[in-house]
Amino acid sequence: MKAAVCPAYGPPEVVRIEEQESPTVAAGQVRVRVGAAAVNFPDVLLIADQYQISVPAPFVPGSEFAGTIVEIGLETDGFAVGDRVTGTGMYGAFAEEVVIAPAGLARIPEGIDDRTAAAFGVAYRTAYHTLRSVARAQSGDELIVLGAGGGVGLAAVQLGVALGASVTAVASSDEKLDVAASYGAQHLINHRSGPLRDALREAVPDGADAVVDPVGGGLSEPALRSLRRGGRFVTVGFASGDIPRIPLNLVLVKGIAVLGFQFQDVAADAFARNEGELRDLLVSGRVRPHIGAGYPLTETVEALKHVADGRAIGKILIDLT
């Protein structure tokens, strides 16, 4: 099989395409023929050995994929050969085949193709669980989404609108904001055009109910200041590479909550509810992932650079069919 391989740590350019033996399927594992894989910013960090977890090189990067099960190992229950699935793991997805434990898999609903399934997975689940269970977004809320052109950010825009919130999208280019507007964002702010604090005051003069922040850096504090009393600020990640330092007096004076999102912190009953609601949104067509670009496996380096350089709008895919 062909696979993208990180032979040693470094920038995306270190990745090369190799012919490899198919990975062996052990007991409790399945082999999936990959149809499409999504490129995420942590993939870039893993290749550079700058992620919170280190993967020994050489390794096949890629944490998210969709495809078809072609082999089942012994002592493996719940799936069968021919099942179409999405999967998530730390690495291994940028290859024609990947071996994974069933715990990392979910069935693709009928009528959903591999590209849509691969683009929908992690970003939309992250955004929906964040909005539903942490930010507690509901109809009529004023919601600010930072990094609104990226995978999680654009998903939060779409899903916030689906939940009935009025969404203010903050992004780094007019092109990204145009896409956010096409998915229902009502206020658009290019944070490179002027002070974000002033722009948010104009867009949401009475203050926001919630902020979703997958970016961090210099955007976090002005967004937090834009919250009304009792608002919720949810940090999802630090795509800017800079972890902000929030003045705690703002939290005290404004009576706001600063929260972090992790999947494992969502209560089991809420998790099941959220997953069911999100699946219904996808199957009904009310929400569809925005695929900003697709690359063949041979152009994995270009796909990684697209994400690393901050040019991605929505999801960037590697197509393997």
Side-chain angles (χ1 to χ4, degrees), residues 38 40-41 116 119-193 196 199-200 202-204 207-217 219-220 222-224 226-227 231-240 259 261 274 277-278 280-282 284-293 307 310-317:
N40 296 298
F41 193 69
T116 299
F120 195 77
V122 172
Y124 283 77
R125 292 178 68 231
T126 297
Y128 197 72
H129 285 287
T130 295
L131 289 168
R132 194 75 165 85
S133 292
V134 187
R136 305 192 308 278
Q138 55 190 331
S139 183
D141 276 359
E142 290 286 350
L143 171 67
I144 295 170
V145 178
L146 305 182
V152 172
L154 188 54
V157 168
Q158 294 180 55
L159 293 168
V161 171
L163 288 169
S166 173
V167 177
T168 296
V170 179
S172 61
S173 74
D174 291 343
E175 183 183 8
K176 292 178 179 180
L177 291 172
D178 287 344
V179 175
S182 75
Y183 289 105
Q186 292 185 277
H187 304 289
L188 309 173
I189 298 174
N190 184 334
H191 63 79
R192 292 180 174 168
S193 298
L196 178 58
L200 287 172
E202 182 177 350
V204 193
D209 296 285
V211 172
V212 173
D213 180 11
V215 180
L219 303 183
S220 299
L224 184 144
S226 73
L227 287 167
R232 288 87 63 195
F233 182 98
V234 186
T235 177
V236 182
F238 309 103
S240 68
L259 306 157
F261 168 77
N274 296 350
E277 291 175 353
L278 185 59
D280 289 344
L281 286 169
L282 174 63
S284 69
R286 290 180 62 199
V287 173
R288 275 288 192 273
H290 182 86
I291 299 172
V307 171
R311 294 181 286 120
I313 301 178
K315 297 296 292 188
I316 305 303
L317 296 184

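- Smallest separation of non-hydrogen atoms from N274 and S133: ND2-OG, 2.9 Å.
- Applying the salt bridge (Lys or Arg N to Asp or Glu O under 4.0 Å) rule to E175 yields no partners; only residues at least two apart in sequence or on another chain are considered.
- Closest heavy-atom contact between G153 and V145: O-CG1, 3.4 Å.
- Counting all heavy atoms, side chain and backbone alike, S226 lies closest to I144 at OG-CD1, 3.0 Å.
- Residues satisfying the side chain to side chain contact (heavy atoms under 4.5 Å, CB included) criterion with A223, sequence neighbours excluded, are L146, L200, V211, F233.
- Partners of A169 by side chain to side chain contact (heavy atoms under 4.5 Å, CB included), not counting sequence neighbours, listed by chain and number: A148, V157, L177, A180, A185, L188.
- A pairwise comparison of heavy atoms in I316 and G292 identifies CD1-C, 4.2 Å as the closest pair.
- Residues passing the side chain to side chain contact (heavy atoms under 4.5 Å, CB included) test with A203 are T168, H187, I189, sequence neighbours excluded.
- The minimum heavy-atom distance linking N40 with V307 is given by the pair C-CG1, 4.2 Å.
- Sequence neighbours left out, the pairs with a member in residues 135-152 that pass salt bridge (Lys or Arg N to Asp or Glu O under 4.0 Å) are D141-R232.
- Scored by the side chain to side chain contact (heavy atoms under 4.5 Å, CB included) test, V287 finds F120, Y124, Q158, L159, A162, L281 as partners (sequence neighbours excluded).
- Every pair passing ring pair (Phe, Tyr, Trp, His ring centres under 6.0 Å) that includes a residue from residues 129-167 is listed here, sequence neighbours excluded: H129-F263, H129-F271.
- When all heavy atoms are compared, the tightest approach of K315 to A119 is CG-O, 3.3 Å.
- Contacts of D174 classified as side chain to side chain donor-acceptor pair (under 3.5 Å), with partners at least two apart in sequence or in another chain: N190.
- Within the structure, every pair that satisfies the salt bridge (Lys or Arg N to Asp or Glu O under 4.0 Å) test and touches residues 121-133, not counting sequence neighbours, is listed here: R125-E275, R132-E277.
- Residues satisfying the side chain to side chain donor-acceptor pair (under 3.5 Å) test with H290, not counting sequence neighbours, are Y183.
- Using a 4.5 Å heavy-atom threshold, the side chains of L131 and L143 count as touching.
- Considering only residues two or more places apart in sequence or on other chains, S172 meets the side chain to side chain donor-acceptor pair (under 3.5 Å) condition with K176.
- In this structure S220 satisfies the side chain to side chain donor-acceptor pair (under 3.5 Å) test together with D213, sequence neighbours excluded.
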